Number of protein chains: 2
Amino acid sequence: MASIHDVAKLAGVSISTVSYALSGKRSIAEATRIRVNEAVETLGYRAHAGARMLAGDRTNIFALTAPLHSETYAPAHMAFVLSVVRAAREHDYDVLLLTQDEGAGGLRRVVTSSLVDGVIVLDVSDDDERIDLLRSLDIPATLVGVPRDTDGLVCVDMDFEAAADLSLEHLAAAGHRSVGLIGHPHAIYDRGSNFPRRFRDAFLAAGAERGMDVAFEMADRDGPSVRAALDGLAGALPGMTGLVMHSDESVQTTALGILRDRGISVPGDLSVLSACSSFSTEHFEPPLDTIPLVPDDTCFPAVALAIRQVGGKVPPHVELVPPRYIERGSIAAPVA
Amino acid sequence: MASIHDVAKLAGVSISTVSYALSGKRSIAEATRIRVNEAVETLGYRAHAGARMLAGDRTNIFALTAPLHSETYAPAHMAFVLSVVRAAREHDYDVLLLTQDEGAGGLRRVVTSSLVDGVIVLDVSDDDERIDLLRSLDIPATLVGVPRDTDGLVCVDMDFEAAADLSLEHLAAAGHRSVGLIGHPHAIYDRGSNFPRRFRDAFLAAGAERGMDVAFEMADRDGPSVRAALDGLAGALPGMTGLVMHSDESVQTTALGILRDRGISVPGDLSVLSACSSFSTEHFEPPLDTIPLVPDDTCFPAVALAIRQVGGKVPPHVELVPPRYIERGSIAAPVA
DNA sequence: CCTCGTCGTCGAAGCGCTTCGATTCGCGGC
DNA sequence: GCCGCGAATCGAAGCGCTTCGACGACGAGG
């Protein structure tokens, strides 16, 4: 592997000149810069990562901790992981993938050995062992998600409260007064993963505030459970004309299938809306109105915030991404 | 952050002694080793990753290139990624996640900058731009998968040929003579991802060799496509009594649902076997006999091989993991 | 014409670690 | 009693890079 030494020799300059020519941290004559770049090109030179870390006090690597629990919906999880990696690459950062197996230990390890410049935390739960560690480590970090206690933390997340309200706003505007919510599997609420809880709480609160009748049911990924959830809602809301689904793809597909089997047409008999889904509802039968949960919307800002923290202090705060609404015709006026 | 210097001072020895005490590369008096370890403990010392890379010529990081295509089945993909990370951690290695966006460029970047000691390649296709690059880079690498041309490569994979034959062996033993195969979506075969092709080819060849009637259909992830595949098989094999499914979870679930709807009982009317599935078929209705595709079975050997390559040369070769068969009662004798 | 500021460049000092001799000490063998 | 040897330890030389202070050249201002 060619070293900066070889480049300097070939370009006929000193190694410090090469370094400055490449980093741009001092002014360099145009002619010199060109010669250096040519030398780099012909030698295929790339700075040695270890040397750069040692001398430069910067690794250009972020750690990504993204626990995968048994109830985690893998496609969504994967989408967030990839979004973080792509965002990092836009800033010339690489991503080291940590798993749950080591627990918070892995985080401590990579941070204290100066392997990473910062940490991106996915799938935050309310009392997460990673959070206290992060606070004590005092290292650039951004959480994608909002834990109960955000003290001293930098967080980015979808504004689930606004999303819940937005979903009811659209249904109310169409004339609906009685709306059910199908949520994620029990286990996800139990584990303290917080966004489903936030959506649910905001949904129920917004419904009350708007004077609407609302109810909530959780659904696992099997047919009987989804059927039970739908029945539960129908029982709680005899006059239900609207349905919001805040759950993963398979549950929503299953639910639509059940409605079809029962001869309930969408939106003729029931208006349906998919809220905060990280997949496309375009190919559903029928396509659903949706408030999309796009990984890039939160992961790119999260990485950008981590970068800014590396460059200097960023005051702890929470950034909420406002929800968007996409119409696909699955909401109509309720039939009397 | 405490440095090796601080440890040396606290333990009252030189830094080289600390280094040797920790690495064990030279003999150290027991008493000294203990003092060093105590100092490490009280200071919370961890070697600076960059310094270690620079001086030690080893990064203890592997790059993982795991392209995610639109047709890729995310849960399986994720399972393989995590398996690699866990395997790496067992050897004190970390994993840098590369994505498709940079193409082979990302690979070149991390290798030429000496950021990683080696590469693990997932989801190999027959003509993969990463492969030529790897060959020219001359760096420790293990492919999980077997490309058409394995010259100069170290590969590990499930023995799909043996798995295909094993599935027919069990069906034949139960008395079946006419067996259909449902495979992955078209796009996966088109793209050159090679294990589905290998399974299919081996299945058809083994069927011919055993003098059985066999047929093959691909199925996308939607109901109509699965239905069409089943109909296609029924058309090609009027006397079909056995069905092998080599496809992802949703297709298999859908297929079982269709069979149920049509009043075809398993294994009463049709014997069904799930082959090379990376998910559990235990909770299926009914549970299916399976030849499981366990990520750890290939990823752990793959990482181990990469480690051995870092330590010295390992001759290029292909390691095939023999298939196992798990009975769950979904295969019975065919009714006349 | 001399001085001063600017621009472009260079040499050298680390960054924290690994590793290669070299050194010291204690012990057994002759 | 001396030599030789192995065990334990140390000092120093890098590894390849960044960055700081210094220096020469050159143009502008007095």
Side-chain angles (χ1 to χ4, degrees), chain A residues 1-37 39-40 43-61 92 109-117 310-311, chain B residues 1-37 39-40 43-61 92 109-117 310-311:
Chain A
M1 298 277 136
S3 81
I4 195 172
H5 231 97
D6 306 317
V7 176
K9 210 180 317 173
L10 183 56
V13 295
S14 73
I15 61 167
S16 53
T17 300
V18 173
S19 180
Y20 286 124
L22 294 178
S23 72
K25 295 193 177 172
R26 275 195 188 177
S27 57
I28 290 288
E30 188 56 20
T32 309
R33 190 200 316 288
I34 290 175
R35 252 183 310 136
V36 169
N37 282 334
V40 165
L43 293 175
Y45 167 77
R46 285 218 147 256
H48 185 285
R52 197 208 277 290
M53 291 183 199
L54 183 55
D57 251 8
R58 194 147 303 180
T59 69
N60 275 38
I61 301 178
D92 200 31
R109 179 172 53 78
V110 296
V111 168
T112 59
S113 64
S114 302
L115 219 197
V116 303
D117 292 339
V310 173
Chain B
M1 296 279 138
S3 81
I4 196 173
H5 230 98
D6 306 316
V7 176
K9 210 180 317 172
L10 183 56
V13 296
S14 74
I15 62 166
S16 54
T17 300
V18 173
S19 180
Y20 285 124
L22 294 177
S23 71
K25 294 192 179 175
R26 275 194 186 180
S27 58
I28 291 287
E30 187 57 21
T32 309
R33 190 200 316 288
I34 291 176
R35 253 182 310 135
V36 169
N37 282 334
V40 166
L43 294 174
Y45 166 77
R46 284 214 148 261
H48 185 286
R52 197 208 277 289
M53 289 183 201
L54 183 55
D57 249 9
R58 191 147 306 182
T59 69
N60 274 42
I61 301 178
D92 201 30
R109 180 172 52 78
V110 296
V111 168
T112 58
S113 65
S114 303
L115 219 198
V116 303
D117 291 339
V310 172

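Because the structure is predicted, anything quoted here is derived from the model rather than measured. Quick note on labels: first sequence line is chain A, next is B, and so on, each numbered from 1. All values below come from the heavy atoms of this structure, side chains included, with hydrogens, waters and symmetry mates left out.
Atom-to-atom, CZ of R33(B) to C1' of dT9(D) comes out at 13 Å; the value is rounded to the nearest Å.
Looking only at distances, no side-chain donor or acceptor of T32(A) sits under 3.5 Å from a matching main-chain atom of I28(A).
Expressed to the nearest 0.5 Å, how far CE of M53(A) lies from CG of L115(A) amounts to 6.0 Å.
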CA sep, side-chain torsions, deciding dist, call: M1(B), H48(B), side-chain contact (heavy atoms from CB on, under 4.5 Å):
CA-CA 9 Å; M1(B) 296 279 138; H48(B) 185 286; over 6 Å; no
Please step through side-chain hydrogen bond (donor to acceptor under 3.5 Å, both in side chains) for the pair S19(A) and S16(A), ending with a clear verdict.
CA-CA 5 Å; S19(A) 180; S16(A) 53; over 6 Å; no
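Residues passing the side chain to side chain contact (heavy atoms under 4.5 Å, CB included) test with A55(B), sequence neighbours excluded: none.
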Treating primed atoms plus P, OP1 and OP2 as sugar-phosphate and everything else as base, which nucleotides of nucleotides 16-22 of chain C get B, S or - for protein heavy atoms under 4.0 Å?
BBBBBBB
